[in-house]
Protein chains: 2
Amino acid sequence: MATIYEVAKLAGVSPATVSRVFNGVAVSDEKSAAVRDAAKQLRFTPNRTARTLRKQESEVIALVIPDIENPYFTELARGVEDVAQKAGYSVVLCNTDSQLDKEATYLQIAISEHMAGVILAAASDQTDLDDIRAAGRPVVAVDRGTGYDIDGVVMANRTAGQAATEHLVQAGYRRIACITGPEHIETAAERAQGWRSVMTRQLPEVDVDELLRYSTFRVDGGRESMEALLALPEPPDAVVAANNLLGVGAIQVLTEHGLTPPKLGVAVVGSLPFTTLSPSAVTVVKLPARHMGVTAAKMLLERISGDDQQARTVVLRGEVQPARPAGEAPGSTTSK
Amino acid sequence: MATIYEVAKLAGVSPATVSRVFNGVAVSDEKSAAVRDAAKQLRFTPNRTARTLRKQESEVIALVIPDIENPYFTELARGVEDVAQKAGYSVVLCNTDSQLDKEATYLQIAISEHMAGVILAAASDQTDLDDIRAAGRPVVAVDRGTGYDIDGVVMANRTAGQAATEHLVQAGYRRIACITGPEHIETAAERAQGWRSVMTRQLPEVDVDELLRYSTFRVDGGRESMEALLALPEPPDAVVAANNLLGVGAIQVLTEHGLTPPKLGVAVVGSLPFTTLSPSAVTVVKLPARHMGVTAAKMLLERISGDDQQARTVVLRGEVQPARPAGEAPGSTTSK
DNA sequence: GTGAAAGCGCTAACAC
DNA sequence: GTGTTAGCGCTTTCAC
């Protein structure tokens, strides 16, 4: 690898001038041309490591997420990547598997590599941001809060849970169950709250507690919970899945039991990008994951360039995509 | 951020000794303890940037892939990440959207950040690896070859295409179409070849050319191609989708047309992790994407630690998961 | 086993 | 507008 010194020598200028050319600082046209020529000849690429060491900041941002195999997070990642790339940043994708120790390791690396900032979907509310905050690196929270007073962008989870449930109620379903994620994850709790609020208000006669299942936010969690619900003495006639993966698991089990939606009503909070279902069979509350990534990345970039206003939280709304064309009378055969 | 100088001062030793402690070089027990103490007090984290600059190598590997939203590649990424992490490496995920310029940029960054190596699913066979090879960084190809004589791990694509097609033939289908990816992508071409070889051998009376569609390796590509096939004067009675996303798109369209498999036979090369279909409706040739990632990462790690034997290529086989339990007579109602 | 000192490649004062 | 030079934080000879 050629260095700035070799380029300088070949171009007949000082190393500083070479640096200036590559950093857009004013340099006479002739020298600038000479430098570019020499650089091309030597296949010179600036050494980012040295640059980072000197400037104490790199053009890399970290995106720390709990599950890279969840399409929701890859969609988010796309959003982040698109705006980061336009601004000349690359993004390191860090997968924590919801484990605090993995998360902590990645946060240390972010400090230690002088990364410009991090976008974090926290593994839990226990996440320790003291060090990275102390290092002065901006952090923006996505999807979930952190217990710190920092920028964030989240979904309107309660509203999404309500919307999903309401559509099922309007479709004529009564015993509407809810499968959600781990109780300590804020998105899981909030979406379940949305479900509960609609149930107690609109269907007070239904015993809500036995119809609520906490699980993992994964396909197998949806499967297990759905099986358990079907095994109930009085099984539900519909179910709200609190995220995309739980929805997939639940629908898989229903299909295997011959209960393909809408035989048993299903509403899912989160998009189902790779589903092969008839689009009219399931109510989906689409969550703007990509937009969340875009917004978070923009906020982070602002912080990186020195903005130090008060911490902001942006709330994004899901968009309901109902199971049936409006006006059609639904559910009459499925309600008991 | 504390430096080794501050730690050294507090511990009453030289900076060199601090460095040794953190690099597992022999240091007396007392001094070692003093250093660790001081480091803890100062919340010292070694500065990786300085380390990288000095050692001319970082503990980061790049994983360059065409589509981060494809579950096939995220599964691959998981495999890479798991072995990398155990070896103390972090992995930077780089998404190229199959664009050569984005890919080239990431490759330059890999050089410029002194990354230890790269795992690459090339955007096309035009990919230029001259610079990165010249920089002495090992590159392992995954999923697709590169035109360079380097390590690689690929799927048995032709075999997979054959297996998918054969299962459809055995199920009694005759006019079996094939939807594959861009012609210039080796996996797309090879899987289609597998399909073609079975067709010409076993069903020579079928006109194969009008049943083959080149498309993008994405859901919408599968949708468009399936629509076009259904609009044919003599539509197919079955279809082979050459990757997971094409399969999803094709099945979506079939579902919308009331032709849910197995009414029209479907075989997919690649797993369908988020499908909600009955598992017996579609033949799937499962591709070991995670294993591919694991294998590639191990090969890369070997190269990084100085192994310079001849370039190797590992071929991984898919595993057929047939649409129907063996012994059941299929397809009699669907064949013309 | 330990310390002193050079240097990885770059940027940013500072002089001119 | 341009060159000289110090120094970012670390590792690694080289003495001792």
Side-chain angles (χ1 to χ4, degrees), chain A residues 1-36 38-39 42-60 88 108-116 135-137, chain B residues 1-36 38-39 42-60 88 108-116 135-137:
Chain A
M1 293 301 316
T3 74
I4 227 190
Y5 289 93
E6 307 172 46
V7 176
K9 187 178 287 178
L10 184 58
V13 300
S14 76
T17 297
V18 178
S19 171
R20 290 186 183 110
V21 169
F22 282 92
N23 287 284
V25 182
V27 166
S28 75
D29 284 355
E30 316 100 83
K31 302 219 169 183
S32 174
V35 166
R36 283 182 205 288
L42 298 171
R43 295 178 146 264
F44 167 76
T45 314
N47 183 324
R48 282 190 173 221
T49 304
R51 176 173 223 269
T52 300
L53 178 59
R54 177 60 227 242
K55 306 224 322 179
Q56 304 280 41
E57 173 152 324
S58 74
E59 276 81 49
V60 175
Q108 280 305 326
I109 291 177
I111 297 175
S112 162
E113 298 256 19
H114 286 290
M115 291 186 193
R137 301 290 154 197
Chain B
M1 293 298 321
T3 72
I4 49 172
Y5 289 92
E6 307 171 47
V7 175
K9 187 177 288 179
L10 184 59
V13 299
S14 76
T17 298
V18 177
S19 171
R20 291 184 183 112
V21 169
F22 281 93
N23 287 284
V25 182
V27 166
S28 74
D29 285 355
E30 315 100 83
K31 302 218 169 185
S32 174
V35 167
R36 281 179 206 291
L42 298 172
R43 294 176 148 266
F44 167 75
T45 314
N47 183 323
R48 281 187 175 225
T49 303
R51 175 175 225 269
T52 300
L53 178 59
R54 178 60 228 240
K55 305 222 323 180
Q56 304 280 42
E57 173 152 321
S58 74
E59 276 80 50
V60 175
Q108 280 305 328
I109 292 178
I111 297 174
S112 161
E113 298 256 19
H114 285 292
M115 293 186 192
R137 303 290 155 194

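Numbers restart at 1 for each chain; the letters A, B, ... are given by sequence-line order, proteins then strands. Side chains are part of it too, since the values below use all heavy atoms of this structure and drop only hydrogens, waters and symmetry mates.
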task = Determine the minimum heavy-atom distance between A:Pro46 and B:Ser112, stating which atoms define it.
result =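 Smallest heavy-atom distance, with atoms named: O-OG, 2.9 Å.
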
Does [N] have its OP1 or OP2 closer than 4.0 Å to a side-chain nitrogen or oxygen of [X]?
X: B:Asn47; N: D:dC8; answer: no
X: B:Ser19; N: D:dT11; answer: yes
X: A:Thr49; N: C:dG9; answer: no

Listed nucleotide nearest any side-chain atom of [X], set [options]:
X: A:Tyr5; options: C:dA4, D:dT11, C:dC10; value: C:dC10
X: A:Ala26; options: D:dG1, C:dA12, C:dG3; value: D:dG1
X: B:Gln56; options: C:dG3, C:dG9, D:dT11; value: C:dG9
X: A:Ser14; options: D:dG3, D:dT12, C:dT11; value: D:dG3
X: A:Val13; options: C:dC8, D:dG3, D:dC10; value: D:dG3
X: A:Arg54; options: C:dG7, C:dC10, C:dG3; value: C:dC10
X: A:Lys31; options: D:dT12, D:dT2, C:dA12; value: D:dT2
X: A:Leu53; options: D:dC8, C:dT2, D:dT12; value: D:dC8
X: B:Phe44; options: D:dC10, C:dG3, C:dT11; value: D:dC10

pair [X]-[Y]: side-chain heavy atoms closer than 4.5 Å:
X: A:Glu57; Y: A:Arg137; value: yes
X: B:Thr49; Y: A:Gln56; value: no
X: B:Val18; Y: B:Tyr5; value: no
X: A:Glu113; Y: B:Glu59; value: no

Return the value, rounded to whole Å, for the distance between atom [atom1] of [X] and atom [atom2] of [N].
X: B:Phe22; N: D:dT12; atom1: CZ; atom2: P; value: 16 Å
X: B:Lys55; N: D:dT13; atom1: NZ; atom2: P; value: 11 Å
X: B:His114; N: D:dC10; atom1: NE2; atom2: P; value: 17 Å
X: B:Ile4; N: C:dA4; atom1: CD1; atom2: P; value: 13 Å
X: A:Asp29; N: D:dG1; atom1: CG; atom2: C1'; value: 12 Å

ask   = Between B:Pro15 and A:Ala50, which is nearer to the 5' end of DNA chain C once each is assigned its nearest nucleotide?
value =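 The 5'-side residue here is B:Pro15.
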
ask   = DNA chain C: A:Ala2 or B:Ser28, which has the more 5' nearest nucleotide?
value =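 Of the two residues, B:Ser28 wins.
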
ask   = How is B:Arg48 classified with respect to the nucleic acid when contacts are heavy atoms under 4.0 Å: base, sugar-phosphate, or nothing?
value =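 No contact at all - B:Arg48 keeps every heavy atom at 4.0 Å or more from the nucleic acid.
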
request  = Could you check whether B:Thr3 gets within reach of a base, just the sugar-phosphate, or nothing at all, counting any heavy atom under 4.0 Å?
outcome  =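 If one applies the 4.0 Å heavy-atom cut-off, B:Thr3 turns out to touch the sugar-phosphate alone, with no base involved.
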
ask   = Is any N or O donor-acceptor pair between the side chain of B:Arg20 and the base of C:dG3 shorter than 3.5 Å?
value =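 Yes, a donor-acceptor pair under 3.5 Å.
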
